[in-house]
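These numbers come from a predicted model, not from an experiment.
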Amino acid sequence: MKKICIVRETSGIGDILMLSPIVKQLSKDNNVKIDFYTNLSFVSEVEVLRKNNYIKNIYNIECLDHKLYDEVYDLSYVAYAYEQNGFNFSRQEIFAKYCNVIPKCFLPVYFNQVFYNFKNKYIAIHTEAAEKRRSWKHEYTLKLIDWICKNTNYNILYLNQKPLKVVNKKIIDCSNYTIEKCVQLLTGTCFFIGVDSCFMHFAG
């Protein structure tokens, strides 16, 4: 039986989710679970990886010994060269090509234990990406929240890390919640408003 691992030196929950269908297909094609090497200080990323049933073990990247594996796929920087040269490939396409797999489905792989069914209708909002250039200004987010509260019957699931100073019974502030708790609550919402971020992929 083959021993296969994936290496991811860089952070980014969105990328961890985007490469999860590739991990799934690699696992299915070879009938083996995949070891994953990353920086264990990326706490949120590791939390997400643990929710992928196609991953066997998660190790610190410094412990990687190539000799232990038949195949090692380093997905740390493989997308950058394509993106910088203007190729019109998605990161998922690049990851899949590099791992020589063709996923049957590109939806993120993430196993929830709990799903929510809110009594009232909720809109999830996440306007704070890892990169500033992909994020909204906080005041824009506050204006959106204010408009929804005043003009609709929807409640709000606020998923940004910056805590809200606004106190309103219609808002659940998740800024101090774990990723797992946020995703579980997200399953109960009707709509998602957000930028290119991890929660966009969770919503998908």
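Side chain of N151 to main chain of W147: a donor-acceptor pair is present (N/O by atom type, distance under 3.5 Å, no hydrogens or angles). Side chain of D70 to backbone of K3: a donor-acceptor contact under 3.5 angstrom is found. The backbone N or O of L164 lies less than 3.5 Å from a partner atom in the side chain of D173, making a donor-acceptor pair. Not a single donor-acceptor pair under 3.5 Å links the side chain of N30 to the backbone N or O of V32. With hydrogens and angles disregarded, a donor-acceptor distance shorter than 3.5 Å links the side chain of H126 to the backbone of E128. Using modelled atom types, one side-chain atom of T152 and one backbone atom of Y154 make a donor-acceptor pair closer than 3.5 Å.
Once rounded to the nearest 0.5 Å, the distance linking CZ of F36 with CG of L75 reads 7.0 Å. Distance check, rounded to the nearest 0.5 Å: CG of N60 to OG of S41 gives 7.5 Å. Note: E45 CD to I58 CD1 = 11.0 Å, rounded to the nearest 0.5 Å. Note that CG of N120 and CG of N155 are 5.0 Å apart. Values are rounded to the nearest 0.5 Å. Here CG of N168 is found 10.5 Å from NZ of K150. Values are rounded to the nearest 0.5 Å. Here the OG-CD distance, from S44 to Q161, works out to 7.0 Å after rounding to the nearest 0.5 Å.
Within 6.0 Å of CG in D65 there are more than 12 heavy atoms belonging to other residues, nucleotides or ligands. Atom CD of E139 is surrounded by more than 12 heavy atoms from other residues, nucleotides or ligands within 6.0 Å. Taking a 6.0 Å sphere around CZ of F115, one finds it holds more than 12 heavy atoms contributed by other residues, nucleotides or ligands.
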Open item on the list: side chain to side chain contact (heavy atoms under 4.5 Å, CB included), that's the test. Do L144 and L142 meet it? Break it down for me.
Closed with: CA-CA 5 Å; L144 173 64; L142 293 178; over 6 Å; no

TODO: Would you please test M200 and V195 for side chain to side chain contact (heavy atoms under 4.5 Å, CB included) and show each step?
DONE: CA-CA 7 Å; M200 180 186 75; V195 295; over 6 Å; no

- [ ] Begin with the C-alpha distance, continue with both residues' side-chain angles, and end with the deciding distance and a verdict on side chain to side chain contact (heavy atoms under 4.5 Å, CB included) for I4 and D35.
- [x] CA-CA 6 Å; I4 301 172; D35 284 342; over 6 Å; no

Task: Step-by-step side chain to side chain contact (heavy atoms under 4.5 Å, CB included) determination, Y37 to E9 - done: CA-CA 8 Å; Y37 286 82; E9 185 179 347; over 6 Å; no

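Under the 3.5 Å distance criterion, with hydrogens and angles disregarded, no donor-acceptor pair is assigned to the side chains of E71 and Y69. When only modelled atom types and interatomic distance are considered, N160 and S175 share no side-chain donor-acceptor pair under 3.5 Å. A donor and an acceptor atom, one from each side chain of T127 and T141, are located under 3.5 Å apart. Side-chain atoms of Y98 and N100 form no donor-acceptor pair, as typed in the model, at a separation below 3.5 Å.
Under the 4.5 Å side-chain criterion, counting only non-hydrogen atoms from C-beta, I61 is not in contact with T38. Between Y77 and T10, some side-chain heavy-atom pair lies under the 4.5 Å cut-off. Contact check for N153 versus K121: no side-chain heavy atoms found under the 4.5 Å cut-off. The side-chain heavy atoms of C174 and L157, taken from C-beta on, include a pair separated by under 4.5 Å.
Take K170 and apply the salt bridge (Lys or Arg N to Asp or Glu O under 4.0 Å) test, not counting sequence neighbours, and it matches no residue. By the salt bridge (Lys or Arg N to Asp or Glu O under 4.0 Å) test, R134 pairs with E131, D196, sequence neighbours left out. Every residue two or more places apart in sequence or in another chain that forms a ring pair (Phe, Tyr, Trp, His ring centres under 6.0 Å) with F202 is listed here: Y110, F199. Residues satisfying the ring pair (Phe, Tyr, Trp, His ring centres under 6.0 Å) test with F89, not counting sequence neighbours, are Y82, F87.
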Counting only pairs under 3.5 Å, give me each side-chain donor-acceptor contact of residues 11-26, with atom names and distances, residues two or more places apart or in other chains.
residue	atom	partner	partner atom	Å
D15	OD1	R91	NH1	3.2
D15	OD2	R8	NH2	2.6
D15	OD2	R91	NH1	2.5
S20	OG	L17	O	2.5
S20	OG	V109	N	2.8
Q25	OE1	K104	N	3.4
Q25	NE2	D29	OD1	3.0

Going by atom type alone, with no hydrogens or angles, which donor-acceptor pairs under 3.5 Å involve a side-chain atom of residues 181-188 and a protein atom two or more places apart or on another chain?
residue	atom	partner	partner atom	Å
K181	NZ	Y116	OH	2.6
T187	OG1	Y116	N	3.0
T187	OG1	Q184	O	2.5

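Using bins of under 30°, 30° to 60° and over 60° for the plane-to-plane angle, the ring pair H138/Y158 lands in the perpendicular bin.
The cluster map of Ile, Leu, Val, Met, Phe, Trp and Tyr, joined by side-chain heavy atoms under 4.5 Å apart, puts I6 and L64 in different clusters. In terms of hydrophobic clustering, with Ile, Leu, Val, Met, Phe, Trp and Tyr side chains grouped at heavy-atom distances under 4.5 Å, I193 and Y140 are assigned to a common cluster. Placement of Y122 and I171 in two distinct hydrophobic clusters is found when ILVMFWY residues are connected by side-chain heavy-atom separations under 4.5 Å, directly or transitively. In the hydrophobic clustering of this structure, F42 does not group with L40; members are Ile, Leu, Val, Met, Phe, Trp, Tyr whose side-chain heavy atoms approach within less than 4.5 Å, directly or through other members. In the hydrophobic clustering of this structure, Y73 does not group with V7; members are Ile, Leu, Val, Met, Phe, Trp, Tyr whose side-chain heavy atoms approach within less than 4.5 Å, directly or through other members.
Scanning all heavy atoms of the two residues, the minimum distance from K33 to S27 falls at CA-OG, 4.0 Å.
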